[in-house]
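Report on the following structure.
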Amino acid sequence: MAKQNIHHPKNNPKNIRQDRRELKVSAIENGTVIDHIPPLSVFQVIRILNLDNITNQIMIGTNLDSQKLGKKGIIKVSNKYFESEEINKIALVAPTATLIVIKDYTVVYKAKVEIPDKIKKIVKCINPNCITNHENIPTNFSVIDKEDLRLLCHYCEKVTKKEVINFI
Ligand SMILES: [Zn+2]
């Protein structure tokens with residue numbers, strides 16, 4: 001009897017490890033998982049999504065092993081689905097991120113975030129003299145470099161770079 005138990009697939013350490021790995025992603029009933037975040041961007045993602053100001057259950061992991069990235073961060077937010085503007089913010093600070101939407105413990109959507117060609121409203125223009133910094137006009141940028149993030153302002157034509165990006 002004991003011998004049979006040992007060989008049962010459920011008792012195989014490899015299978016147990018696999019089960020646990022899947023749990024990491026699917027353990028919330030409803031909500032969104034942001035996976036494959038560069039570890040240094042985890043807390044920036046929390047800030048720009050205002051996750052430090054909501055009452056939803058949130059699980060945060062960082063410096064976890066990742067085959068793709070070496071190390072990664074993950075944020076799981078229960079009962080929260082992000083709008084496209086929020087997803088664009090995630091793409092700007094964590095371009096490697098994967099967005100996973102879970103409903104009733106089932107993955108209903110899973111895709112890598114994408115930096116769009118145009119960014120509206122969510123980023124401030126770096127130019128202090130830009131009209132968007134003085135009047136109630138939403139910012140509007142063309143993304144001229146997606147690798148090394150560069151945003152060209154539609155109004156003043158100054159370039160806002162990744163290193164100095166400020167969200168509205
Ligand atoms: Zn501008």
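Each ligand, and each atom within it, is numbered from 1 in the order the structure gives.
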Notebook entry, point to check: So, Asp52 and Arg47, do they make that salt bridge, N to O below 4.0 Å?
Noted result: no
Notebook entry, point to check: Between His36 and Thr98, do the side chains contain an N or O donor and an N or O acceptor separated by less than 3.5 Å?
Noted result: yes
Next item on the list: Flag the pair Lys146 and Asp117 as a salt bridge only when some basic side-chain nitrogen lies within less than 4.0 angstrom of an acidic carboxylate oxygen.
Entry: yes
Notebook entry, point to check: Can you tell me if NZ on Lys162 sees more than 12 non-hydrogen neighbours from other groups inside 6.0 Å?
Noted result: no
Next item on the list: Could you please spell out the steps behind the side chain to side chain contact (heavy atoms under 4.5 Å, CB included) verdict for Ile144 and Leu151?
Entry: CA-CA 6 Å; Ile144 53 172; Leu151 309 176; over 6 Å; no
Check: Does NZ or CZ of Lys103 lie under 6.0 Å from the centre of the six-membered ring of Tyr81, at an angle within 45° of the ring axis?
Finding: yes
Notebook entry, point to check: Listing residue and atom name, which protein N/O/S atoms are closer to the Zn ion (ligand 1) than 2.8 Å?
Noted result: Cys125 SG, Cys130 SG, Cys153 SG, Cys156 SG
